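Note that the coordinates shown come from a computational prediction; the quantities given were computed from them, not determined experimentally.
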Amino acid sequence: MDQIFSAADIGSAIQSALAPVFLLTAIAGLLNVLVHRLSRVVDRARHLEANAAGFAADKRRIAIDDLAVLAKRMAPANWAIALCTMAALLVCLVVALLFLEQLVGGRLDVVVALMFIAATMLLTGGLMLFLWEVQLALRSVRVRAALLLEERI
């Protein structure tokens with residue numbers, strides 16, 4: 001049976017698709033961090049919701065304030081996960097198109113470039129939302145530390 005593709009064609013396709021695969025690995029690591037942060041926020045919110053009724057009035061107020069901050073943190077974390085996942089899907093399509101282009105000999109340069117640019121923009125949006133979520137978390141810790149210092153005085 002005749003070979004459809006030569007070993008050189010397959011090797012060339014693998015070489016051209018290698019850089020986006022490294023980007024895909026980096027996005028996977030970022031998604032791992034994002035999902036872990038979101039799961040911790042959700043777990044903390046569930047804990048506070050389950051126990052807030054048993055708290056004294058002053059601690060219940062603090063728990064409700066914490067729940068408000070956690071709710072604010074969930075939205076950007078969720079959107080960051082969505083954008084980074086879409087970026088990863090586009091990178092997968094870029095890899096597939098690069099293989100097709102090499103093996104079939106088509107001219108998909110413009111499509112591949114536009115998809116890669118779109119993936120980069122989605123990843124940038126996801127990183128910006130991640131930064132926003134981290135800032136929200138840090139701001140709430142600073143406020144809590146300031147309240148504790150006021151109580152000590």
Side-chain angles (χ1 to χ4, degrees), residues 10 13-104 106 108-153:
I10 294 171
I14 290 171
Q15 283 179 339
S16 66
L18 195 58
V21 170
F22 284 122
L23 177 60
L24 193 57
T25 303
I27 294 172
L30 177 60
L31 280 170
N32 186 32
V33 170
L34 290 169
V35 168
H36 183 71
R37 286 185 69 86
L38 181 59
S39 69
R40 288 186 52 99
V41 169
V42 169
D43 289 345
R44 178 74 178 141
R46 285 182 180 157
H47 173 74
L48 287 174
E49 285 175 341
N51 297 318
F55 292 156
D58 58 336
K59 288 193 179 188
R60 189 176 315 117
R61 184 188 55 79
I62 292 171
I64 290 170
D65 290 346
D66 285 348
L67 280 169
V69 170
L70 293 171
K72 286 179 188 176
R73 288 179 57 193
M74 283 186 226
N78 189 36
W79 276 103
I81 290 169
L83 292 179
C84 289
T85 301
M86 288 188 281
L89 290 171
L90 282 178
V91 172
C92 289
L93 289 173
V94 165
V95 170
L97 288 176
L98 286 171
F99 268 99
L100 281 174
E101 183 179 41
Q102 284 287 335
L103 298 177
V104 179
L108 301 172
D109 298 349
V110 174
V111 175
V112 168
L114 290 174
M115 289 180 80
F116 190 78
I117 290 168
T120 304
M121 298 295 282
L122 288 168
L123 182 59
T124 301
L127 288 169
M128 289 171 60
L129 287 166
F130 175 58
L131 180 62
W132 181 26
E133 189 274 331
V134 169
Q135 292 303 312
L136 288 172
L138 288 175
R139 197 173 315 135
S140 68
V141 170
R142 285 188 199 124
V143 168
R144 184 69 57 230
L147 289 174
L148 290 174
L149 287 176
E150 286 177 9
E151 288 181 12
R152 286 179 58 193
I153 296 176

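Once rounded to the nearest 0.5 Å, the distance linking CG of Leu129 with OG1 of Thr124 reads 11.0 Å. Rounding to the nearest 0.5 Å gives a distance of 8.5 Å between CG of Leu38 and CG of Leu34. Atoms CG and CG, from Leu122 and Leu127 in turn, are 11.0 Å apart once rounded to the nearest 0.5 Å. Once rounded to the nearest 0.5 Å, the distance linking CZ of Arg60 with CG of Asp65 reads 12.5 Å. Distance check, rounded to the nearest 0.5 Å: CD1 of Ile81 to CZ of Arg37 gives 11.0 Å.
The two residues Val69 and Ser140 have their closest heavy-atom pair at CG1-CB, 3.5 Å. Considering all non-hydrogen atoms of both residues, Pro76 and Trp132 come closest at CB-CE3, 3.5 Å. Closest heavy-atom contact between Val91 and Pro20: CG1-O, 3.2 Å.
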- Query: Could you go step by step and tell me if Thr120 and Leu90 meet the side-chain contact (heavy atoms from CB on, under 4.5 Å) rule?
  - Reply: CA-CA 9 Å; Thr120 304; Leu90 282 178; over 6 Å; no
- Check step by step if side-chain contact (heavy atoms from CB on, under 4.5 Å) holds for Val94 and Leu98. CA-CA 6 Å; Val94 165; Leu98 286 171; 3.9 Å; yes
Validation: residues 21-29 side-chain donor-acceptor distances under 3.5 Å, sequence neighbours left out:
unit_1, atom_1, unit_2, atom_2, d
Thr25, OG1, Val21, O, 3.1

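Contact check for Leu97 versus Glu101: no side-chain heavy atoms found under the 4.5 Å cut-off. The shortest distance between side-chain heavy atoms of Leu123 and Cys84 falls below 4.5 Å.
Using modelled atom types, one finds no donor on one side chain facing an acceptor on the other under 3.5 Å when comparing Asp43 with His47.
Here the side chain of Glu133 pairs no donor or acceptor atom with the backbone of Arg73 at under 3.5 angstrom.
Residues forming a side-chain contact (heavy atoms from CB on, under 4.5 Å) with Gln135 (at least two apart in sequence, or on another chain): Leu131, Leu138, Arg139. Evaluation of the side-chain contact (heavy atoms from CB on, under 4.5 Å) rule for Leu48 yields Arg44, Phe55, Ala63, Asp66, Leu67, Leu70 as partners, not counting sequence neighbours.
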